[in-house]
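All remarks here apply to the structure that follows.
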Amino acid sequence: MLDEGKIFIGASFDASHKRVKAESLELKLANRHGLVTGATGTGKTVTLQALAEGFSDAGVPVFASDIKGDLSGVAAKGEPKDFLLKRAQEIGLEPYVNDQFPVVFWDLFGAQGHPIRATVSEMGPLLLARLMNLNDTQEGVLNIVFRVADEQGLLLLDLKDLQALLGYVAENAATLTTKYGNVARATVGAVQRQLLVLETQGGDAFFGEPALELGDLMRTSRDGRGVINILAADKLMSSPRLYATFLLWLLSELFEQMPEVGDLDKPKLVFFFDEAHLLFDEAPKALIDKVEQVVRLIRSKGVGVYFVTQNPIDVPEEVAGQLGNRVQHALRAFTPREQKAVKAAAETFRPNPELKTAQVITELGVGEALVSMLEGKGVPSIVQRTLIRPPAARIGPVTAEERRGLIQNSPLAGKYDTAVDRESAYEMLAKKAQDTVAADQAAVEADAGGIGGIFKSIFGTGGGTRKTLSPGQSIARDVTRTIVNQTAGNIAAQIGKSVAGSVGSSVGRAVVRGVLGSLLRR
């Protein structure tokens with residue numbers, strides 16, 4: 001699959017089916033990103049697998065999301081099936097050797113791979129606001145929450161930390177408004193309700209510790225091949241906003257943490273983002289601008305980003321303009337939108353005078369694609385009609401038993417499997433609430449002791465013979481009773497309010513958690 005710093009993709013043919021040349025991806029230009037598109041069933045996943053295998057053979061770690069489970073087969077040795085041998089012969093792939101590749105499985109829910117976690121602080125308010133579908137006002141409140149956490153040294157690790165701090169902000173809205181601007185309790189409540197929805201969708205499994213160390217995605221095997229990290233995304237796709245936000249977070253973390261390295265002979269890491277349209281659906285302009293900036297600059301950190309999607313117009317122009325290496329599988333052209341997509345795809349390629357690109361896009365067979373890769377000084381090659389090479393590993397998923405064995409024998413086995421819950425905003429605010437209650441109780445006892453002295457001087461100790469009172473003492477007795485009753489009632493009400501606001505009853509906690517942000521565990 002490797003030939004002088006290149007990954008062999010397939011062979012191109014002219015109109016008479018004569019082989020034109022080998023189509024390859026130059027490793028030194030692989031960090032200029034890429035795009036793989038095509039309708040369902042046209043061979044995108046096989047192309048993705050072939051590219052991942054090529055990068056692995058070159059010693060480049062790969063991260064890819066596995067939407068249907070088919071990509072997991074890269075961990076198992078392929079079989080020399082007739083149609084694969086025929087394709088290998090047609091494109092001049094000799095020898096065609098079946099193989100398997102080093103794989104680490106990941107899963108946000110921890111069921112089909114090692115758990116992946118991130119802290120709320122790492123996610124940040126911009127991505128978190130998108131994840132919860134907040135409006136501008138609600139996002140503003142979320143930014144204030146993060147600012148309060150930073151200034152008061154409150155760690156935001158998991159969702160209960162964020163709920164607790166939202167409750168704290170709501171209770172202190174009047175004070176915070178003078179410093180940060182309007183903080184409406186109703187807006188805080190709306191954010192808390194969205195947070196509760198996120199929690200019920202499984203977001204609580206993602207936020208927490210131990211958080212993912214990016215270095216664990218950049219491993220090589222003992223024989224020098226890059227590890228292919230596969231994210232099980234079949235269940236995750238039922239929460240598409242969580243899926244998209246996680247991938248954007250991972251991309252931004254790489255951008256922020258990896259050092260500048262300039263142009264290398266090969267990337268340090270390659271990312272494949274399947275179902276890329278989910279990254280941009282209903283995304284605000286500010287977020288798209290952020291993604292465009294990251295994609296544009298992350299190549300100098302040795303990271304290649306490859307978007308995989310059905311329709312090329314799913315990717316905004318600002319981002320698509322950064323994607324130099326392109327593989328276009330067949331598209332349908334029945335609806336006006338599909339016709340627009342075909343035209344847009346054709347116009348992105350460097351023209352080939354021997355091809356009617358727009359027409360060919362609708363005629364491509366399964367496993368066939370239009371290919372244009374960067375070459376020389378980064379100039380796109382002339383688009384060619386190409387037969388994609390067969391993968392060396394299995395085409396199709398691994399079995400559940402095979403997956404379990406790979407997870408158990410993984411070099412990361414045990415590192416992320418058990419969640420850690422250290423002291424953070426939730427525990428710190430809970431302690432603060434308990435200290436407030438204790439202080440109020442102490443004040444009650446002090447006040448009761450002071451008034452009790454007066455009461456004792458009038459009524460005696462309460463034991464033995466009842467003391468006879470003069471008319472003046474009787475009046476004093478009645479006034480004192482009124483003061484004691486009113487004071488005790490006010491103090492009790494104050495304590496009750498404090499306890500209800502900070503702690504809540506055992507029954508009420510489960511109900512108010514999503515709205516008021518109770519500070520104690522359910």
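Worth knowing before you read on, the calculation uses all heavy atoms, side chains too, and leaves out hydrogens, waters and symmetry mates. Just so you know, these numbers come straight off a predicted model, no measurement behind them.
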| With a cut-off of under 6.0 Å to the ring centre and 45° to the axis, is R225 in cation-pi contact with F101? | yes
| Is the NZ or CZ atom of K18 both under 6.0 Å from the centre of the six-membered ring of F13 and within 45° of that ring's axis? | no
| Are W106 and F63 an aromatic pair by the rule of ring centers under 6.0 Å? | no
| query | For T245, what residues pass the side-chain hydrogen bond (donor to acceptor under 3.5 Å, both in side chains) criterion, not counting sequence neighbours? | reply | none
Side chain [X], main chain [Y], donor-acceptor under 3.5 Å:
| X | Y | value |
| --- | --- | --- |
| K44 | G38 | yes |
| Q328 | I361 | no |
| E256 | E253 | no |

| message | Determine whether F105 and L412 satisfy the following criterion, side chain to side chain contact (heavy atoms under 4.5 Å, CB included), listing intermediate values before the conclusion. | response | CA-CA 10 Å; F105 289 108; L412 298 175; over 6 Å; no
Lys/Arg N to Asp/Glu carboxylate O, [X] vs [Y], below 4.0 Å:
| X | Y | value |
| --- | --- | --- |
| K301 | D263 | no |
| R394 | E402 | yes |
| R87 | E90 | yes |
| R19 | D14 | no |

| field | Side-chain donor-acceptor pair present, Q310, T40, cut-off under 3.5 Å | value | yes
| task | Would you tell me whether D234 and Q112 have side-chain atoms, one donor and one acceptor, within less than 3.5 Å of each other? | result | yes
| said: Evaluate R117 against D158 for salt bridge (Lys or Arg N to Asp or Glu O under 4.0 Å), listing each step before the verdict. | reply: CA-CA 10 Å; R117 300 183 188 89; D158 52 28; over 6 Å; no
